[in-house]
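Notes to accompany the following structure.
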Amino acid sequence: YDYLWRWFFNFVIQNETPIYIKFQILDSKWNLIETLREEEYSKGGHIIRYNMDDLSAGTYYYGIKTESQETFKKFNID
């Protein structure tokens with residue numbers, strides 16, 4: 001049988017008030033790969049689903065930018 005496998009990752013955002021968020025994926029040299037979302041989020045929990053099939057093995061960063069803060073975290077693909 002031929003199976004089509006997809007590797008998805010769910011990023012979870014929890015915010016206490018409505019907020020404008022830019023959510024990005026960057027490579028190991030901090031070059032932008034993709035902006036996944038750039039929009040206003042209502043109060044509450046939100047899931048951003050990302051298909052990682054096109055990423056090769058290596059180090060990457062995901063990040064959230066708001067008007068008042070930038071937060072980036074590292075992740076690795078083996």
**Request:** Considering non-hydrogen atoms only, spot the tightest contact between T59 and K74 and give its length.
**Result:**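 Distance-wise, the nearest heavy atoms are CG2-CD, 3.3 Å.
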Gap separating the [atom1] atom of [X] from the [atom2] atom of [Y], nearest 0.5 angstrom:
X: Q69; Y: I21; atom1: CD; atom2: CD1; answer: 10.0 Å
X: I47; Y: F9; atom1: CD1; atom2: CZ; answer: 11.0 Å
X: K43; Y: Q14; atom1: NZ; atom2: CD; answer: 9.5 Å
X: N76; Y: D78; atom1: CG; atom2: CG; answer: 6.5 Å
X: S68; Y: I19; atom1: OG; atom2: CD1; answer: 5.5 Å

Do the non-hydrogen side-chain atoms of [X] and [Y] ever get within less than 4.5 Å of each other?
X: N10; Y: I48; result: no
X: Q24; Y: L32; result: yes
X: I13; Y: F23; result: yes
X: I33; Y: L55; result: yes
X: T71; Y: K73; result: yes

**Message:** Quick check with a 6.0 Å cut-off and a 45 degree axis cone: is R49 positioned over the face of F8's six-membered ring?
**Reply:**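 Verdict for F8: a cation-pi partner in R49.
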**Request:** Look at the rings of W30 and F72 and say which category their plane angle falls in: under 30° parallel, 30 to 60° tilted, over 60° perpendicular.
**Result:**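 Because their plane-to-plane angle is over 60°, the rings of W30 and F72 count as perpendicular.
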**Message:** Surrounding CD of E40 (heavy atoms of other residues, nucleotides or ligands, distance under 6.0 Å), is the total greater than 12?
**Reply:**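 Yes - once you tally the heavy atoms of other residues, nucleotides and ligands closer than 6.0 Å, there are more than 12.
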**Asked** Can you tell me if CD on E16 sees more than 12 non-hydrogen neighbours from other groups inside 6.0 Å?
**Response**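 Counting neighbours around CD of E16, 12 or fewer heavy atoms of other residues, nucleotides or ligands fall under 6.0 Å, so no.
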**Prompt:** Y60, L26: one ILVMFWY side-chain cluster at the under-4.5 Å cut-off?
**Reply:**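 Result: no, two separate clusters.
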**Request:** Answer yes if F11 and Y20 sit in the same cluster of Ile, Leu, Val, Met, Phe, Trp and Tyr residues linked by side chain heavy atoms under 4.5 Å apart, and no otherwise.
**Result:**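 In one cluster with F11: Y20, no.
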**Item:** Residues Y61, F75; criterion ring-ring contact (aromatic ring centres under 6.0 Å, His included); working and verdict
**Value:** CA-CA 6 Å; Y61 297 89; F75 68 95; 8.1 Å; no
**Item:** N/O donor-acceptor pair under 3.5 Å between N15 side chain and G45 backbone
**Value:**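 Checking the backbone N and O of G45 against the side chain of N15, no donor-acceptor pair under 3.5 Å is found.
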**Main-chain N/O of R37 paired with T35 side-chain donor or acceptor, under 3.5 Å** =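 Between the backbone of R37 and the side chain of T35 there is no qualifying donor-acceptor contact (under 3.5 Å).
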